[in-house]
4 protein chains.
Amino acid sequence: MATPQQPRRGDTRRRIQDVALELFAERGYEKTSLREIAEHLDVTKAALYYHFKTKEDILISITDDLARPVDELIAWAQSQPRTLATKQEVLRRYSDVLWGAAALFRFMQENQATVRELSIGESFRSKVSALNGLLTESESTLTAQVRSCTALFALHAGMFAMQGIEADPEEKRAAILEVALDLVAQAEAAVTA
Amino acid sequence: MATPQQPRRGDTRRRIQDVALELFAERGYEKTSLREIAEHLDVTKAALYYHFKTKEDILISITDDLARPVDELIAWAQSQPRTLATKQEVLRRYSDVLWGAAALFRFMQENQATVRELSIGESFRSKVSALNGLLTESESTLTAQVRSCTALFALHAGMFAMQGIEADPEEKRAAILEVALDLVAQAEAAVTA
Amino acid sequence: MATPQQPRRGDTRRRIQDVALELFAERGYEKTSLREIAEHLDVTKAALYYHFKTKEDILISITDDLARPVDELIAWAQSQPRTLATKQEVLRRYSDVLWGAAALFRFMQENQATVRELSIGESFRSKVSALNGLLTESESTLTAQVRSCTALFALHAGMFAMQGIEADPEEKRAAILEVALDLVAQAEAAVTA
Amino acid sequence: MATPQQPRRGDTRRRIQDVALELFAERGYEKTSLREIAEHLDVTKAALYYHFKTKEDILISITDDLARPVDELIAWAQSQPRTLATKQEVLRRYSDVLWGAAALFRFMQENQATVRELSIGESFRSKVSALNGLLTESESTLTAQVRSCTALFALHAGMFAMQGIEADPEEKRAAILEVALDLVAQAEAAVTA
DNA sequence: AATGAATGAGGATTCATTCAT
DNA sequence: CATGAATGAATCCTCATTCAT
């Protein structure tokens, strides 16, 4: 039965991703150097290059792994009827996805200027855009569209920006979701009315 | 008479601020080098240092100039009764402030990770926090609090993140404000009820 | 076989130290740029940073290596009786140490203003001070104390400042040592008398 | 009459020299920037250039003013018989000169590496050399020559390097002079014997 | 699977100096 | 008598990346 004490073998790749994401989210992409990442892992910079072609590649690999659920969510939603129930389920699931990979989404939100110039930028933007499209009916009121859109951003903002509100994290998350659900409901109401 | 060919003459300091903010907002703070700024202005890097002590100092000076209205708004709000009307007026004025210095606030939003490590980070955070405090009643429902908070972020997000919605900018801005106003109204209703 | 054409191979670190010390002693610490050092070695500036964290670090490493004998001398002297014989042996050995790392001590002497602001400054000062304490009896005449002190500085000055006197280096060194030995003898005599 | 309150007029040139010397002696020539000097005087860098052609020029002017006594001393000594009495008087007067312009000589001693590359370097070296020549008889013993030389350096070292010895400054200075006088006496004795 | 040694490009910053006003 | 504005050259240092071993 192996030596569990050992710093694991073979999973270096994942450890790099973990540390990199942590640092990227903490200090920003540009301000995080490969030297830092390597030092945190007690490895050489060159070791990183054995596992990844470039710095950007590390980020891409992280995104590939962690953002897949968003694609799955979009795919699922596209196969459903465009009802209020679906939209609300999208929000519920999106909330799960967001909290499941909080570090990555925090990173995306706090490094938008940087990410925009990276290859993942476009793909991320298009995902958010797709989600938005699923929630919004382009023929409805401008106000209704904004409401749907806001529902989405409420979830985003809720992850980190609402630290002013003190409450049990899970309760807070529930409250945020509630507000978001309500927003799409109102948006829908405007159309149906 | 009138303005001669070269627009330089004492206004270099302001020109630096303008170009810097433009580039910071466009490409991010870290990725914008002083060389770039200097080249855009057709000046030497050293000239920048005649006007500002450090790179960060350029940003600080911009913030000092452009974020003052936020402080004024906060001061005003603190002298008003904590009624729904006040809160809605805060949102209206904040919307004006935001659009009046769009580039700066866009920068702040898209470079959060960077800004957090800069001296302006804390001061910006505390301003948003103060505004939040003015909109939120800490003894009200969690949901109500989230709603107030969301009103604020709707304005923020509205500036750049809602590009999916195609409409006349002014109309869109009005719609966003309307949603925000509605959110605080709903929050207030919960308390009063 | 034997040493091939290129003498590089793991000894880069030492080569940097050698060239750096040479240039520091020749042109002064501030006036010696890392570019110069790199060029003398036919390496990139960045290579220096692979081996040393900072410019000051290069100097520190040199001092660590070359000033050790002084510490050993101090330690030895402290384990001996405070007799004239011991003091004279201290001077003899110090003379050896000084001439054994002439470039470093020349540097220290000719860059005092600079060194004072560097981390090695304090440690160097304290070494000289310790040596002085070993030669001087604080309860003896002021003149006697000055004489002991002068003995030490005669050795220092002798290394470079006495170029006016033309003579065989070794003979000159012997003469300087003789004068120094004589000075402590006179100092001691005053006490004993 | 007149306004003595005023920050003096016309003596700016001297004030620059004073501040410059103070800073040069304190932090070293290279590490003292013209900006620093200007700031200490509450003037613009450009103002310095009104009074002096270059940074080096400031130092030259200081040296010209303060080192003149050394030239006078040398001239006087050359007109005297080469007796022990003369040599001792040279030391006495040199001690006065040294303590009369302590900052300058401290600077010279602690910035030798820098000074060597400046135009004043050669002139300073030649003065010390001339003094040495006046104290030393080239046909005497090597040891005797070293003794004379050491007498001179004892005075130099005495100014700053003997801070380990605690005593009233004037008494210390007297003791140092005594040791120096004694050294040339011993040197002379060897020849006469 | 990883290291040791190095590079080239570029970063922010500082300096002595100039000159029109 | 002095300033305000600017420059060109240099500084130390950091970074992502490479490659032979």
Side-chain angles (χ1 to χ4, degrees), chain A residues 7 9-13 16 29-38 41-58, chain B residues 8-13 15-16 29-38 41-58, chain C residues 8-13 16 29-38 41-58, chain D residues 9-13 16 29-38 41-58:
Chain A
R9 48 190 333 266
D11 62 344
T12 304
R13 194 187 143 92
I16 293 172
Y29 179 77
E30 322 272 4
K31 291 206 64 166
T32 301
S33 70
L34 294 186
R35 176 168 57 68
E36 263 178 293
I37 297 176
L41 288 165
D42 217 48
V43 208
T44 333
K45 263 184 294 172
L48 306 184
Y49 279 90
Y50 177 80
H51 292 282
F52 299 96
K53 254 187 10 226
T54 65
K55 182 184 182 184
E56 188 176 349
D57 215 47
I58 300 179
Chain B
R8 302 100 178 257
R9 183 141 251 114
D11 63 341
T12 305
R13 195 188 144 92
R15 285 173 64 231
I16 293 171
Y29 180 76
E30 323 271 6
K31 291 207 65 166
T32 302
S33 71
L34 294 187
R35 178 176 53 72
E36 265 178 294
I37 298 176
L41 288 165
D42 215 48
V43 199
T44 338
K45 267 180 293 169
L48 305 184
Y49 280 92
Y50 174 76
H51 293 281
F52 300 95
K53 266 205 334 258
T54 63
K55 183 184 182 183
E56 188 176 349
D57 213 49
I58 300 179
Chain C
R8 304 100 179 258
R9 184 141 251 115
D11 63 342
T12 304
R13 196 190 143 92
I16 293 172
Y29 179 77
E30 323 270 7
K31 290 207 64 164
T32 302
S33 70
L34 294 186
R35 178 175 54 70
E36 266 178 294
I37 298 177
L41 288 165
D42 215 47
V43 198
T44 337
K45 267 179 292 170
L48 305 184
Y49 281 92
Y50 174 75
H51 293 281
F52 300 95
K53 268 204 330 253
T54 64
K55 184 184 181 183
E56 188 177 349
D57 213 48
I58 300 181
Chain D
R9 47 190 336 265
D11 63 343
T12 304
R13 195 188 143 91
I16 293 172
Y29 179 77
E30 321 272 4
K31 291 205 65 167
T32 302
S33 69
L34 294 187
R35 176 169 56 68
E36 263 178 293
I37 298 176
L41 288 165
D42 218 46
V43 208
T44 334
K45 263 184 295 173
L48 305 184
Y49 280 90
Y50 177 79
H51 293 281
F52 300 96
K53 255 189 7 229
T54 66
K55 183 186 181 183
E56 189 176 350
D57 216 47
I58 300 179

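A quick note: this is a predicted structure, and the numbers were derived from the prediction, not measured. A, B, ... follow the sequence lines: proteins, then strands. Residue 1 opens every chain.
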Run the side-chain contact (heavy atoms from CB on, under 4.5 Å) test on A:K55 and A:Y29 for me, step by step, so that the C-alpha distance in whole Å, both residues' side-chain angles and the decisive distance to 0.1 Å come before the verdict. CA-CA 9 Å; A:K55 182 184 182 184; A:Y29 179 77; 3.6 Å; yes

Shortest non-hydrogen contact from [X] toward [Y]:
X     : Y     : value
C:I16 : C:F52 : CG2-CE1, 3.6 Å
A:T44 : A:A38 : C-CB, 3.9 Å
C:K53 : C:D57 : N-OD2, 3.5 Å

Dot-bracket for DNA chain F, 5' to 3', counting Watson-Crick or G-U wobble pairs under 3.5 Å, with [ ] for crossing pairs and | for inter-strand pairs? .||||||||||||||||||||

Partners passing side chain to side chain contact (heavy atoms under 4.5 Å, CB included) against A:Y49 (at least two apart in sequence or in another chain):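 With sequence neighbours excluded, A:Y49 shows a side chain to side chain contact (heavy atoms under 4.5 Å, CB included) to A:L34, given in chain and number order.
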
Partners meeting side chain to side chain contact (heavy atoms under 4.5 Å, CB included) with A:A47 (sequence neighbours left out):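 Counting only residues at least two positions away or on another chain, A:A47 forms a side chain to side chain contact (heavy atoms under 4.5 Å, CB included) with A:V43.
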
Integer-rounded Å distance: [N] [atom2] and [X] [atom1]:
X     : N      : atom1 : atom2 : result
B:H51 : F:dT7  : NE2   : C1'   : 12 Å
B:L41 : F:dA5  : CG    : P     : 15 Å
B:I37 : E:dA12 : CD1   : P     : 8 Å
D:Y50 : F:dA2  : OH    : P     : 8 Å
D:R13 : F:dA2  : CZ    : P     : 13 Å
C:D11 : E:dA6  : CG    : C1'   : 14 Å

Taking salt bridge (Lys or Arg N to Asp or Glu O under 4.0 Å) as the test, write out the residues that go with [X], two or more places apart.
X     : answer
A:K31 : B:E117
D:E56 : none
A:R35 : A:E39

Which of the following nucleotides, F:dA6, E:dA2, F:dT3, is nearest to the side chain of D:A47?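 Of all the options, the side chain of D:A47 is nearest to F:dT3.
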
Among E:dA2, E:dA6, F:dA5, the nucleotide that comes nearest once only the side chain of C:T44 is considered: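 Looking only at heavy atoms from C-beta outward on C:T44, the closest nucleotide is E:dA6.
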
Check the phosphate of F:dA6 against B:T12, side-chain N and O only, distance under 4.0 Å to OP1 or OP2. Yes or no?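 True: B:T12 side-chain N/O within range (under 4.0 Å) of F:dA6 OP1/OP2.
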
Reading nucleotides 13-19 of chain E from 5' to 3' and marking B where a protein heavy atom lies under 4.0 Å of the base, S where only the sugar-phosphate is that close, and - otherwise, the string is BBBBBBB

